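Written out below as structure tokens is the structure these notes cover.
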Amino acid sequence: MPELPEVETAVRWLGPRLCGRTLLGARVAWARTLGGQRPAALNRAVAGRAVRGVSRRAKWIRIDLDDPAHPAPAVLVHLRMSGRLVIAPAGVPPGPHVRVSLLLAGGGRLDFVDARKFGRLRQVGDADAALPDLGPEPLAPGFGGPQLGAALGGRRARLKPLLLDQRVVAGLGNIYTDEALFRARLDPRTPAAGLGPSALDALCAAIRAVLTEAIAAQGSSIDASYRTPAGEPGRFQERLAVYGRGGEPCPLCQTAIRRVLLAQRATHFCPRCQRRARARRR
DNA sequence: AGATAAACCTCTAAGC
DNA sequence: TGCTTAGA
DNA sequence: GTTTATC
């Protein structure tokens, strides 16, 4: 087994968000996967089985590693539902559900932990590791009503499934979609084509506000596996207005929050505050 | 095009 | 307490 | 969270 290079490099994230989960502010140095496999074996190491084709709608994390043997080595990770990236100090044995470990130059590991095995990890440069098409980044300057309108493309599908589609807008998941629609006072079942300029502006503002606040609060932690690097739960869970609150009173009007299934996802909204937008005149 | 269901997996909270 | 189910 | 198949 070759000596591990004692080189450290900063992790450079593709963006500031990890599916609404919190940020891993660690430094990583390249070494090898568990078992001494070289980088090319990473894909096959994931969940011990072949990985399917690259998703076209996804929230990928890119980790650039520093490995003298491989030019610009990098790994793409998608956490899906239960994936986590955890730094394990030297000497701590791998816990349950560790799918891939990157051994760090300092002796510790970066573990990709994923109980449900939905997550993906692959090496950049492999044929199937191209980044998917992503819609506009909502936190970038220039994201406004017109850009969102263009992304929605006048489609007649309901808002919720469209906002969940990463090709339309990048980075929205189930929780923040519900919260943004609540703030914009829009019924998740509204056909996108029914939104006028003012509704589009409101939706943009709501998306940006929700994401900004959630990031500042370190995420939502709706289940125990979502933790900050320090092990703390995200504080945004305390500020969720509708998500996970079916049957509870709307914070604005006290009407019971409705919980329905849309696009196979639990969807929460206030039937009184959130209206189907008026059809656009034409 | 759009809606819907099933598939991929395991864990835990909740209910009886 | 234990077993089952719903939901993530 | 996402893909694939079916209506």
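Here is how names work: the chains are called A, B, and so on, in the same order as the sequence lines, proteins then strands, and each is numbered from 1. Because the structure is a prediction, the values reported are computed rather than measured.
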Point to revise | Rounded distance (Å) that lies between atom P of C:dA8 and atom CG of A:N174 | key: 8 Å
Point to revise | Rounded P spacing from B:dC9 to C:dT4 in Å | key: 23 Å
Practice item. Please report, rounded to the nearest Å, how far the C1' atom of D:dG1 is from the CD atom of A:Q264. Key: 12 Å
**Study point:** Nearest-angstrom distance from the residue atom CZ of A:F118 to P of B:dC8
**Key:** 10 Å
Review point. Hey, does the side chain of A:H78 come within less than 4.0 Å of D:dG1's phosphate (OP1/OP2), counting only N and O?
Key: no
**Study point:** Evaluation steps, side-chain contact (heavy atoms from CB on, under 4.5 Å), between A:R185 and A:L252
**Key:** CA-CA 11 Å; A:R185 308 279 178 269; A:L252 293 180; 2.7 Å; yes
Exercise for review: Using a heavy-atom cut-off of under 4.0 Å over every strand shown, decide if A:A266 touches base, sugar-phosphate, or nothing.
Suggested key: sugar-phosphate
Practice item. If a pair satisfies salt bridge (charged side-chain N to carboxylate O under 4.0 Å, His left out) and one of its residues is in residues 189-211 of chain A, list it, with sequence neighbours excluded. Key: A:D187-A:R189
Point to revise | Nearest-angstrom distance, P atom, B:dC8 to C:dC3 | key: 27 Å
Review point. With respect to the phosphate group of D:dG1, does any side-chain polar atom (N or O) of A:R265 fall under 4.0 Å of OP1 or OP2?
Key: yes
Study note, to complete from the structure: Rounding to 0.5 Å, atoms CZ (A:R84) and CG (A:D111) come to a distance of 10.0 Å
Check your understanding: Does A:R155 make a side-chain N or O approach to OP1 or OP2 of B:dG2 shorter than 4.0 Å?
Key -> yes
Exercise for review: Kindly say if A:R167 contacts the phosphate of D:dT2, meaning a side-chain N or O under 4.0 Å from OP1 or OP2.
Suggested key: no
Check your understanding: Any side-chain N or O of A:Q166 less than 4.0 Å from the OP1 or OP2 oxygen of D:dG1?
Key -> no
Review point. With a non-hydrogen cut-off below 4.0 angstrom, is A:R259 in contact with a base, only sugar-phosphate, or nothing?
Key: sugar-phosphate
Revision key, fill the gap. Contacts of A:T177 meeting side chain to side chain donor-acceptor pair (under 3.5 Å) (sequence neighbours excluded), chain-then-number -> none
Revision key, fill the gap. Judged by nearest nucleotide, the residue sitting upstream toward the 5' end of DNA chain B, A:H97 or A:P161, is A:P161
Point to revise | Rounded distance in Å - CE (A:M81) to C1' (C:dG7) | key: 9 Å
Practice item. Look at all strands and tell whether A:D114 reaches a base, only sugar-phosphate, or nothing, counting heavy atoms closer than 4.0 Å. Key: nothing
